[in-house]
Amino acid sequence: MLALAPTNVAGAPRRRKRRFRLNPRYQPRVVSFRGYSPGTIVIDPRRHYLYLVLPGGRARRYGVGVGRAGRAFRGSARIGRKAKWPSWTPTKNMIRREPRKYARFASGVPGGPGNPLGARALYLYQGDRDTMFRIHGTTQPSSIGRSVSNGCIRMLNSHVIDLYRRVPPGARVVVI
């Protein structure tokens, strides 16, 4: 008996969606970490880690995706605000660089599971100015451990929900 491959509506063979599996080194864990005050978020873009500094020379470490070369956030900031299921609008620079990709979203995308910012967002401010950079969830989990974003720090949705609960507005963020 001949077995046929599953097909889609148009009759073309369906591709099986590969289930995403996070590299174990990017799973949250508590590690030794010194040099910053408890409550500080420290981001190491070269290693693709975000650390939430804890008391006693420890930190909770998460794997992250970061900005591609030339688009990464640098320096320090603070969490200016937090949002659950945030809406998203591409920046003018994103639209100018890649109009085919981003112009159709110029009026924004409401929050929800299909939104590029994912389940939570922590907005980075310098003084009273929104930097337009965020620590946020993602609809692209395979980007964790890679330098592919337009500059924001991406986390798995479950990880950013955990971080969101642990970090108050005003927390210091440092990119090393």
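Since the model is a prediction, treat every value here as computed from it, not as a measurement.
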* After noting the C-alpha distance and the side-chain angles of I41 and V174, does the key distance pass the side chain to side chain contact (heavy atoms under 4.5 Å, CB included) rule? -> CA-CA 6 Å; I41 295 172; V174 178; over 6 Å; no
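- In terms of heavy-atom proximity, G39 sits nearest to A171 at O-CB, 3.8 Å.
- Residues A119 and I161 come closest through the heavy atom pair CB-CD1, 3.8 Å.
- Qualifying salt bridge (charged side-chain N to carboxylate O under 4.0 Å, His left out) partners for R60, counting only residues two or more places apart in sequence or in other chains: D162.
- A distance of 13.0 Å separates CZ in R29 from OH in Y62, rounded to the nearest 0.5 Å.
- A salt bridge (Lys or Arg N to Asp or Glu O under 4.0 Å) check over residues 99-116, counting only residues at least two apart or in different chains, returns nothing.
- With S149 contributing its side chain and C152 its backbone, the two residues share a donor-acceptor pair below 3.5 Å.
- Summarising the geometry of G108 relative to T89, their closest heavy-atom pair is CA-OG1, 3.4 Å, with the distance given to 0.1 Å.
- Under the 4.5 Å side-chain heavy-atom criterion for Ile, Leu, Val, Met, Phe, Trp and Tyr, Y26 and V31 are members of the same hydrophobic cluster.
- With sequence neighbours left out, the side chain to side chain donor-acceptor pair (under 3.5 Å) criterion links R96 to N93.
- For the pair T131 (side chain) and L124 (backbone), a donor-acceptor distance under 3.5 Å is present.
- In this structure, CD1 in I144 is found 12.5 Å from CZ in R25, a value given to the nearest 0.5 Å.
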* For side chain to side chain contact (heavy atoms under 4.5 Å, CB included), just list the numbers for R74 and V175, CA-CA rounded to whole Å, side-chain angles, deciding distance to a tenth of an Å, and then say yes or no. => CA-CA 6 Å; R74 293 187 182 106; V175 179; 5.5 Å; no
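- Y49 meets the side chain to side chain donor-acceptor pair (under 3.5 Å) test with no other residue; sequence neighbours excluded.
- When the ring pair (Phe, Tyr, Trp, His ring centres under 6.0 Å) test is applied to W88, the partners found at least two apart in sequence or on another chain are F105.
- Residues passing the side chain to side chain donor-acceptor pair (under 3.5 Å) test with S143, sequence neighbours excluded: R154.
- Residues I43 and I135 have side chains in contact (heavy-atom distance under 4.5 Å, counting atoms from C-beta outward).
- With M155 as the partner, the side chain to side chain contact (heavy atoms under 4.5 Å, CB included) test is satisfied by one option alone out of L163, L122, T138: L163.
- Annotation: ring pair (Phe, Tyr, Trp, His ring centres under 6.0 Å) contacts of Y36 (sequence neighbours excluded): none.
- Rounding to the nearest 0.5 angstrom, the gap separating the CG atom in L117 from the CG atom in N157 is 10.0 Å.
- Taking 4.5 Å as the limit, every side-chain heavy atom of P116 sits out of range of all side-chain heavy atoms of Q140.
- Cluster note: M132 groups with no other residue, as no ILVMFWY side-chain heavy atom lies under 4.5 Å from it.
- The shortest distance between side-chain heavy atoms of R78 and R172 does not fall below 4.5 Å.
- K84 places no side-chain N or O within donor-acceptor distance of the main-chain N or O of A121, the cut-off being under 3.5 Å.
- A pairwise comparison of heavy atoms in L52 and R166 identifies CD2-CB, 3.7 Å as the closest pair.
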* Please step through side chain to side chain contact (heavy atoms under 4.5 Å, CB included) for the pair V42 and L50, ending with a clear verdict. => CA-CA 6 Å; V42 179; L50 178 151; over 6 Å; no
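- In terms of modelled atom types and a separation under 3.5 Å, the side chain of S87 and the main chain of P110 share no donor-acceptor contact.
- Closest heavy-atom contact between G57 and R34: CA-NH1, 3.4 Å.
- Scored by the side chain to side chain donor-acceptor pair (under 3.5 Å) test, R120 finds no partners at all (sequence neighbours excluded).
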* To do: Tell me, with the steps shown, if L54 and V30 meet side chain to side chain contact (heavy atoms under 4.5 Å, CB included).
  => CA-CA 9 Å; L54 305 171; V30 175; 4.3 Å; yes
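- Looking at every heavy atom in both residues, Q126 comes nearest to S76 through NE2-O, 2.8 Å.
- Hydrophobic clustering of Ile, Leu, Val, Met, Phe, Trp and Tyr side chains at less than 4.5 Å, counting indirect connections, unites V160 with V167.
- Applying the salt bridge (charged side-chain N to carboxylate O under 4.0 Å, His left out) criterion to R47, with sequence neighbours excluded, gives D44.
- Side-chain contact check for H136 versus I153: every heavy-atom pair is 4.5 Å or farther apart.
- The ring pair (Phe, Tyr, Trp, His ring centres under 6.0 Å) test applied to F33 returns Y51, not counting sequence neighbours.
- The ring pair (Phe, Tyr, Trp, His ring centres under 6.0 Å) test applied to Y123 returns no partner, not counting sequence neighbours.
- Using a distance-only test at 3.5 Å, with no hydrogens or angles considered, a donor-acceptor pair links the side chain of K82 to the main chain of Y164.
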